[in-house]
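Comments concern the structure below.
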Amino acid sequence: MTTDYDVTIIGGGPTGLAAAVYTGRSLLRTLVLEKQFCGGQIVNSAAIDNYPGFADGISGYDFAQAFVKHAKRFGAEIREGYGAEKLTPNPDGTFTIELTGGDVVTTKTVILAMGRRPRRLEVPGYDKFWGHGVSVCGTCDGAFFKNVPMAVVGGGNSAVEEGAFLTRYASEIKSIHRRDHFTAQKILIEEYLHNPKVQPLWNSTVEEILGDKEVEGIRVRNLQTGEKQEFPVKAVFVFIGWLPNSDLVKELVDLDSEDRVIVNELMETKVSGVYAAGDLCVRPIYQLANVVADGVQAAVSIEKYLEGKK
Ligand code: NAP
């Protein structure tokens, strides 16, 4: 069967676009499907300071734009606003993908690079104030809350890095974490805790986001003593981890207990011709450099796979 594409990459973040650079350079007919706009989660990052080679740092937006330009330069077709709604293996080893809006494409291989989405805080007030005082992106929403008290929830790299960014707007930050220490990189923790605006609340959890028409405060419970306290805040920024966007393939490939796609070192899933890469997958770490490398590996593996089929 003739197919429309050699490779269809689902997801236009750094992982998918890195794969597209490589498959494009290998003259494979490459389609990138991106259900919103290209760039992925990194677009929301104010400054990337740990991507090797960028000694002065780079904004997430500029970084993503460079990836898009690079993928296009080598001929990748990028369709923004088109998600993959259904992925079906065909009897001849190719795949059919139904897109948002009803279009259908066929492809010899697929790279799953759908990434992940932020985990929700399951407390009263989260939905009520979502987008109006509750946010998962400091870079996007911090500037709406100048000189007011804020809360930051979580203790990993995202919470500490975004919390540090938010100190430029907040009058003070209650930084709420369920452990007695942050688990972020030491250099990030030092910078964050050194800021006099940051008040960590250890062993604590948010029970409710309070307010009538806007966020007015949070009720926090100390997990050790059970004591409850209310703090006035005008915005709550939540950074409590991620959930993989693996729904499309949950019946097709193997997932781990956290719904991440299981791949081997060649980025192969259990389905021949279907590869997965980056944040969507079980990885030892989730750094920009290694999820980009995952995309590269998937592309090179596909090149060899298609060579073998000739
Ligand atoms: P993460 O490392 O999974 O941390 C999630 C944080 O949220 C942890 O402190 C966790 O506490 C807490 N948490 C989870 N569920 C919670 C709940 N229901 N209620 C309250 N707290 C909850 O997520 P992340 O910080 O977004 O980082 C994700 C990955 O991206 C990591 O691999 C990280 O290294 C990487 N990253 C790197 C950078 C960088 O290099 N500059 C920046 C951002 C992210 P527990 O520890 O108790 O589970």
Side-chain angles (χ1 to χ4, degrees), residues 13-15 39-61 63-64 113 115-127 130 134-140 142 151-166 173-193 198 200-209 218-224 228 236-245 256-260 277-294:
T15 300
Q41 299 283 345
I42 202 64
V43 171
N44 299 329
S45 186
I48 302 165
D49 254 346
N50 58 0
Y51 195 79
F54 291 82
D56 299 323
I58 181 170
S59 79
Y61 180 80
F63 184 84
R116 56 189 184 175
R117 62 190 183 279
R119 178 179 282 127
R120 294 162 38 85
L121 190 62
E122 303 289 349
V123 299
Y126 185 91
D127 286 335
W130 173 253
V134 171
S135 170
V136 293
C137 179
T139 317
C140 319
V152 167
V153 187
N157 276 324
S158 296
V160 170
E161 197 171 68
E162 295 262 351
F165 175 81
L166 287 167
I173 291 180
K174 300 284 183 219
S175 198
I176 300 137
H177 184 32
R178 61 189 184 184
R179 295 181 192 245
D180 63 2
H181 62 280
F182 293 131
T183 52
Q185 291 160 17
K186 286 199 172 53
I187 187 170
L188 298 177
I189 298 174
E190 258 171 42
E191 185 202 346
Y192 188 48
L193 290 180
V198 177
L201 300 176
W202 304 121
N203 303 307
S204 296
T205 185
V206 174
E207 278 202 335
E208 186 171 352
I209 299 167
I218 43 169
R219 186 164 57 251
V220 174
R221 182 165 58 92
N222 184 299
L223 294 167
Q224 288 181 333
K228 295 182 185 188
V236 181
F237 287 87
V238 179
F239 309 104
I240 59 168
W242 302 85
L243 300 170
N245 294 321
D256 78 346
S257 59
E258 295 170 36
D259 289 340
R260 299 175 298 178
D279 286 347
L280 175 72
C281 304
V282 182
R283 311 306 297 140
I285 56 168
Y286 294 89
Q287 291 286 303
L288 201 44
N290 78 295
V291 297
V292 165
D294 277 1

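Every number for a ligand or one of its atoms is a count from 1 in the order of the listing.
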Taking salt bridge (Lys or Arg N to Asp or Glu O under 4.0 Å) as the test, write out the residues that go with Asp127, two or more places apart.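 Asp127 satisfies salt bridge (Lys or Arg N to Asp or Glu O under 4.0 Å) with Arg120 once adjacent residues are dropped.
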Proximal candidate to atom 17 (C) of ligand 1 [heavy atom criterion; set Arg119, Arg178, His177]: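 That would be Arg178.
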From atom 27 (O) of ligand 1, work out which of Ser158, Gly156, Gly241 has a heavy atom at the shortest distance.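 Looking at heavy atoms only, the winner is Ser158.
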So, using side-chain contact (heavy atoms from CB on, under 4.5 Å) as the criterion, who are the partners of Arg178 when residues are at least two apart?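 Only Leu223 meet the side-chain contact (heavy atoms from CB on, under 4.5 Å) criterion with Arg178.
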What residue among Leu166, Val198, Val160 forms side-chain contact (heavy atoms from CB on, under 4.5 Å) with Ser175?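 Among the candidates, only Val198 passes.
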Under 3.5 Å donor-acceptor, [X] side chain and [Y] backbone:
X      : Y      : result
Thr205 : Arg221 : no
Ser45  : Val43  : no
Asn290 : Ile285 : yes
Ser204 : Ile176 : no
Asp294 : Gly278 : yes
Arg117 : Pro244 : yes

Taking 4.0 Å as the limit for heavy-atom contacts, which would you say applies to [X] with ligand 1: side chain only, backbone only, both, or neither?
X      : result
Glu122 : neither
Phe239 : backbone
Asn50  : side chain
Arg116 : side chain

Looking only at protein heavy atoms, identify the closest one to [atom] and say how far it is in Å.
atom                    : value
atom 36 (N) of ligand 1 : Asn157 CB, 3.8 Å
atom 46 (O) of ligand 1 : Arg179 NE, 2.8 Å
atom 37 (C) of ligand 1 : Gln287 NE2, 3.3 Å
atom 32 (O) of ligand 1 : Tyr286 CB, 3.4 Å
atom 21 (N) of ligand 1 : Ile240 CG2, 3.5 Å
atom 41 (N) of ligand 1 : Glu161 OE2, 2.8 Å

For the OH atom on Tyr51, are there more than 12 heavy atoms of other groups (residues, nucleotides or ligands in this structure) within a distance under 6.0 Å?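 Enclosed.
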Need the ligand 1 atom indices (1-based, order shown) with element for anything under 4.0 Å from a heavy-atom of Trp242.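 Near Trp242, the atoms of ligand 1 are 24 (P), 26 (O), 28 (C).
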Give yes or no for whether the N/O distance cutoff of 3.5 Å, strictly under, is met between Val153 and ligand 1.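 Looking only at distances, the answer is no, because the N/O contact criterion of under 3.5 Å is not met.
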Hey, does Thr183 come in under 3.5 Å of ligand 1, counting only N/O atoms on both sides?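 No; every N/O pair is 3.5 Å or more apart.
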